[in-house]
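Data block below; observations after.
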Amino acid sequence: GDSVTQMEGPVTLSEEAFLTINCTYTATGYPSLFWYVQYPGEGLQLLLKATKADDKGSNKGFEATYRKETTSFHLEKGSVQVSDSAVYFCALNQETGANNLFFGTGTRLTVIP
Amino acid sequence: GAGVSQSPSNKVTEKGKDVELRCDPISGHTALYWYRQSLGQGLEFLIYFQGNSAPDKSGLPSDRFSAERTGGSVSTLTIQRTQQEDSAVYLCASSSLAGIQYFGAGTRLSVL
């Protein structure tokens with residue numbers, strides 16, 4: 001079945017450090033890929049998405065590229081800020097049938113000044 | 001409203017009691033989803049409603065769980081005879097057909 005494997009945390013970085021959170025997936029067909037973010041005390045928010053191979057999703061300085069050959073969708077940011085502290089979830093869906101999202105287990109990021 | 005609204009935000013109940021969780025989706029969204037976020041389990045899909053079609057219940061963990069969606073809008077997730085392992089954050093999301101899913105803030109359920 002479809003699944004997402006995500007880098008375990010927690011991850012602690014200093015402000016302005018480079019961030020990578022690894023995400024790989026197993027799926028039939030051509031899923032869409034997402035990164036969602038959950039800030040402290042808030043609900044899940046879509047951070048970025050990519051719907052086909054080689055697409056790059058980007059938002060708020062974060063980027064992720066849909067790599068079909070490695071079945072990966074790693075999240076990167078060149079210079080993190082304290083305000084990026086949150087839990088990040090990689091997810092996929094097939095946009096057919098139930099269209100439900102399959103999530104990774106989440107990676108907690110803490111950025112220290 | 002502007003976003004997906006869930007109530008209550010927190011619910012504490014005793015083992016064996018029934019609970020109802022409510023979700024108000026974004027106006028005009030035809031699809032509605034329930035997920036569960038548990039410690040150690042991540043986010044699990046529970047049930048999906050699309051328009052007037054029969055719901056996809058494939059993620060419900062047991063027959064103690066049920067959900068309905070009245071008039072294609074508000075949804076209620078019911079857990080009967082709650083158990084301690086039901087303690088989790090229950091998240092609702094809505095979307096337009098095959099669109100981005102927007103999540104509510106969730107209901108934190110604690111079963112004592």
Side-chain angles (χ1 to χ4, degrees), chain A residues 1-10 21-27 29-52 55 57-60 64 86-108, chain B residues 1-7 9-10 21 23-26 29-51 53-61 67 69 75 88-108:
Chain A
D2 294 350
S3 66
V4 175
T5 302
Q6 187 175 341
M7 171 178 164
E8 290 198 19
I21 301 177
N22 289 339
C23 171
T24 57
Y25 67 90
T26 301
Y30 302 93
S32 292
L33 302 175
F34 306 83
W35 278 98
Y36 276 83
V37 58
Q38 189 172 34
Y39 297 104
E42 299 184 17
L44 280 168
Q45 302 174 24
L46 178 66
L47 180 60
L48 54 85
K49 66 176 282 192
T51 57
K52 61 183 188 296
D55 266 3
S58 61
N59 187 24
K60 300 182 180 180
V87 181
Y88 293 82
F89 292 89
C90 186
L92 70 82
N93 74 5
Q94 295 282 10
E95 296 190 355
T96 58
N99 194 36
N100 58 284
L101 289 160
F102 293 87
F103 286 91
T105 51
T107 302
R108 181 176 298 278
Chain B
V4 178
S5 178
Q6 291 187 246
S7 60
S9 54
N10 283 283
L21 313 180
C23 173
D24 266 292
I26 292 172
H29 279 185
T30 57
L32 186 148
Y33 305 79
W34 284 98
Y35 294 87
R36 179 169 69 173
Q37 186 176 19
S38 310
L39 276 177
Q41 297 287 329
L43 274 150
E44 309 168 78
F45 163 71
L46 297 177
I47 188 169
Y48 161 70
F49 296 89
Q50 173 59 262
S53 302
D56 182 328
K57 304 178 182 181
S58 58
L60 294 179
R69 189 179 185 192
S75 177
V89 177
Y90 289 82
L91 295 171
C92 177
S94 71
S95 74
S96 55
L97 184 62
I100 299 297
Q101 293 181 33
Y102 294 88
F103 284 80
T107 295
R108 181 176 297 279

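Below, chain A is the first sequence line, B the second, and so on; all start at residue 1.
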**Message:** I need the Ser95(B) OG to Leu46(A) CG distance, nearest 0.5 Å.
**Reply:** 12.0 Å
**Prompt:** In terms of heavy-atom contacts, does OH of Tyr30(A) have more than 12 from other residues, nucleotides or ligands at under 6.0 Å?
**Reply:** no
**Message:** Heavy-atom count check: over 12 atoms from other residues, nucleotides or ligands less than 6.0 Å from Glu8(A) CD?
**Reply:** no
**Prompt:** Pick one: which of Trp34(B), Phe45(B), Tyr48(B) meets side-chain contact (heavy atoms from CB on, under 4.5 Å) with Asn100(A)?
**Reply:** Phe45(B)
**Request:** Name the region of Gln37(B), side chain, backbone, both or neither, that has any atom closer than 4.5 Å to a heavy atom of chain A.
**Result:** side chain
**Item:** Portion of Leu91(B) that has a non-hydrogen atom of chain A nearer than 4.5 angstrom
**Value:** side chain
**Prompt:** Less than 4.5 Å apart, any side-chain heavy atom of Leu43(B) and any of Leu44(A)?
**Reply:** yes
**Taking every non-hydrogen atom, the tightest pair across Phe34(A) and Ile100(B)** = CE2-CD1, 4.0 Å
**Request:** Using atom types as modelled and distance alone, determine if a side-chain donor or acceptor of Tyr36(A) lies under 3.5 Å from a backbone N or O of Phe103(B).
**Result:** no
**Per-residue contact mode, Gln38(A) against chain B (heavy atom under 4.5 angstrom)** = side chain
**Prompt:** What part of Phe102(A) is in contact with chain B, defined as an atom under 4.5 angstrom from a non-hydrogen atom: side chain, backbone, both or neither?
**Reply:** neither
**Leu101(A)/Tyr35(B) under side chain to side chain contact (heavy atoms under 4.5 Å, CB included): CA gap, chis, key distance, verdict** = CA-CA 9 Å; Leu101(A) 289 160; Tyr35(B) 294 87; 3.4 Å; yes
